[in-house]
Amino acid sequence: MTNAVFKSFFLAGFECSTHRRPDGRRLDLLAATDHYRRAETDYRQLADHGVHTARDGLRWHLIETRPGYYDWSSFLPMLKAANRSGTQVIWDLCHYGWPDDIDIWSPAFVERFARFAAAAAQLIRNESDDVALYCPVNEISYWAWAGGETGRINPCSFGRGNELKRNLVRAAIASIEAIRDVDPGARFITAEPLIHVDSPSPEPEHVVEAECYRLSQFEALDLLSGRIDPGLGGSPEYLDLVGVNFYPDNQWYLGGPTIPLGHHAYRRLSTMLQEVYHRYGRPLLIAETGAEGSARAAWLHYVSSEVQHAQRRQTQITGICLYPILDYPGWDNDRLCRVGLLGDVTQCGLRKVSQATAAELRRQATLIDAHARQG
């Protein structure tokens, strides 16, 4: 069961994080991978692999260089490159980074972000006739944990995860409203981690604690949809396409190690997808998935097979986004992470292709297409 939201079932995700590390260094992955300059070439190379839809990002801190002033020079060439190449893009508006003069804990953050989102939506509407697609705030749950609870990324705080999560939800809601005022036909995705947490022992208190942790993965979506804490302004209308992010390390024992694929405690991805679909009743997107090195093709095989299994059980899944689609330098130490379908730029001007990943992508695209024709 699929639909025609996207131009291709398989999507490409460009790493566009712009957060600050605890040491104060701001990352800019669009610059580090040189994608911001090579956007059209990258989009056209992906089209050669049957990928016509991508997640990509705006760098808010470069655009709003002072309050209310927008310099689109870092973004407009990418937008035009997408248009020229015929690539459909889901634009991330806030991927962990924001201008330095804003207090992320304040109502001003929500207000500034909504104005920025409206301005971006107006520009995109002026430049393109396609239905606009947005991910307003990337991974609210992870950002709240990494930035508000454990100090791993900005705002590098501890014990304030719930507070940060709620302000990010407020910002997401305000941005959706602002965009819809400009462009009522715009579509939206979420991009929230999909996890499983198991108990390391059969002790009842451990089982309950593990299950509570597992269920916490839904809190951001529940806040957006108004299922909990309705005072934040959440409503079902703020859930459009429910995107979930799933990686090889997204299942673990409470307080312990990762549960490996094939282990008896490992939960099938198809079962997890069915749970999300039945919980929210909205079409799903695998908004991020991928593995590193030689595991790339095998992981794509597993995820695609599980998606097809879920589809056969009447779970509406609109696509699978390979993320990141480019090899990139790691956040913490600049180690080159070989995760992408595409890698280094070769002498011919194109990026090196992971041939095993490309072959598996062709195989899975054929299977998905055959399944769609049957269904």
For [Y], is there any backbone N or O sitting under 3.5 Å from a side-chain donor or acceptor partner on [X]?
{"X": "E237", "Y": "L239", "value": "no"}
{"X": "E127", "Y": "K80", "value": "no"}
{"X": "Q88", "Y": "V5", "value": "yes"}
{"X": "D103", "Y": "F109", "value": "no"}
{"X": "W143", "Y": "G148", "value": "no"}
{"X": "T190", "Y": "G243", "value": "yes"}
{"X": "T65", "Y": "L62", "value": "no"}
{"X": "D92", "Y": "P136", "value": "no"}
{"X": "S128", "Y": "I124", "value": "no"}
{"X": "E219", "Y": "S216", "value": "no"}

*Looking at V182 and A121, what are the two nearest heavy atoms and their distance?*
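Shortest heavy-atom separation between V182 and A121 comes out as CG1-C, 4.0 Å.
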*Shortest non-hydrogen contact from T33 toward P329*: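 Heavy atoms of T33 and P329 come nearest at CG2-CD, 4.3 Å.
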Is the closest side-chain donor-acceptor distance between [X] and [Y] under 3.5 Å?
{"X": "Q364", "Y": "T366", "answer": "no"}
{"X": "Y280", "Y": "D222", "answer": "yes"}
{"X": "W145", "Y": "T150", "answer": "no"}
{"X": "Q122", "Y": "N126", "answer": "yes"}
{"X": "R59", "Y": "H95", "answer": "no"}
{"X": "E288", "Y": "Y247", "answer": "yes"}
{"X": "N167", "Y": "R160", "answer": "no"}

*Begin from the C-alpha positions of L27 and T18 and carry the test side chain to side chain contact (heavy atoms under 4.5 Å, CB included) through to its verdict.*
CA-CA 5 Å; L27 301 186; T18 60; over 6 Å; no
*Any chain of hydrophobic side-chain contacts (each under 4.5 Å) joining L232 to W105?*
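Yes, because L232 and W105 connect within a single hydrophobic cluster, where side-chain heavy atoms sit under 4.5 Å apart.
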_Hydrophobic cluster membership, L367 vs V307, 4.5 Å side-chain cutoff_ =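 No, L367 does not connect to V307 through the hydrophobic network.
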Validation row, ring centre [X] to ring centre [Y] under 6.0 Å:
{"X": "F116", "Y": "W60", "value": "yes"}
{"X": "W331", "Y": "H19", "value": "yes"}
{"X": "H35", "Y": "Y43", "value": "yes"}

*Working for salt bridge (charged side-chain N to carboxylate O under 4.0 Å, His left out), residues R296 and D327*: CA-CA 12 Å; R296 282 175 283 192; D327 296 344; 3.8 Å; yes
So how far is it from [X] [atom1] to [Y] [atom2], rounded to the nearest 0.5 Å?
{"X": "N83", "Y": "M78", "atom1": "CG", "atom2": "CE", "result": "12.0 Å"}
{"X": "Y96", "Y": "L168", "atom1": "OH", "atom2": "CG", "result": "10.5 Å"}
{"X": "H196", "Y": "I259", "atom1": "NE2", "atom2": "CD1", "result": "5.0 Å"}
{"X": "R44", "Y": "L350", "atom1": "CZ", "atom2": "CG", "result": "12.0 Å"}
{"X": "I286", "Y": "F10", "atom1": "CD1", "atom2": "CZ", "result": "10.5 Å"}

*Candidate pair L341 and L361, rule side chain to side chain contact (heavy atoms under 4.5 Å, CB included), full reasoning*: CA-CA 9 Å; L341 171 67; L361 179 60; 4.1 Å; yes
*Could you go through the side chain to side chain contact (heavy atoms under 4.5 Å, CB included) check for V339 and Y323 one step at a time?*
CA-CA 8 Å; V339 295; Y323 197 99; over 6 Å; no
Do the non-hydrogen side-chain atoms of [X] and [Y] ever get within less than 4.5 Å of each other?
{"X": "S199", "Y": "L254", "result": "no"}
{"X": "L284", "Y": "Q316", "result": "no"}
{"X": "I140", "Y": "L221", "result": "no"}
{"X": "V345", "Y": "T41", "result": "no"}

*Please lay out, stage by stage, how R267 and E275 fare under the test salt bridge (charged side-chain N to carboxylate O under 4.0 Å, His left out).*
CA-CA 12 Å; R267 192 177 186 207; E275 180 183 17; 2.8 Å; yes
_Please determine whether side-chain hydrogen bond (donor to acceptor under 3.5 Å, both in side chains) holds for the pair Y142 and E192, giving the CA-CA distance in whole Å, both sets of side-chain angles, and the decisive distance to 0.1 Å._
CA-CA 8 Å; Y142 175 79; E192 291 297 313; over 6 Å; no
_Evaluation steps, salt bridge (charged side-chain N to carboxylate O under 4.0 Å, His left out), between R335 and E292_ = CA-CA 12 Å; R335 177 184 68 85; E292 188 168 0; 2.7 Å; yes
*Apply the test salt bridge (charged side-chain N to carboxylate O under 4.0 Å, His left out) to residues R25 and D332: give CA-CA distance (whole Å), side-chain angles for both, the deciding distance (0.1 Å), then the verdict.*
CA-CA 10 Å; R25 175 185 168 191; D332 296 328; over 6 Å; no
*asked:* Can you confirm if the NZ or CZ of R279 lies within 45° of the ring axis of F218 and under 6.0 Å from the centre of its six-membered ring?
replied: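 Satisfied, under 6.0 Å and within 45°.
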*Pick from L261, T258, D198: which one makes a side chain to side chain contact (heavy atoms under 4.5 Å, CB included) with Y266?*
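Running side chain to side chain contact (heavy atoms under 4.5 Å, CB included) over L261, T258, D198 with Y266 returns exactly one hit, L261.
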*Step by step, would you call S304 with E306 a side-chain hydrogen bond (donor to acceptor under 3.5 Å, both in side chains)?*
CA-CA 5 Å; S304 300; E306 287 295 293; over 6 Å; no
*Quick check: are there more than 12 heavy atoms from other residues, nucleotides or ligands sitting under 6.0 Å from CG of D48?*
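Yes, because the 6.0 Å sphere around CG of D48 holds more than 12 heavy atoms from other groups.
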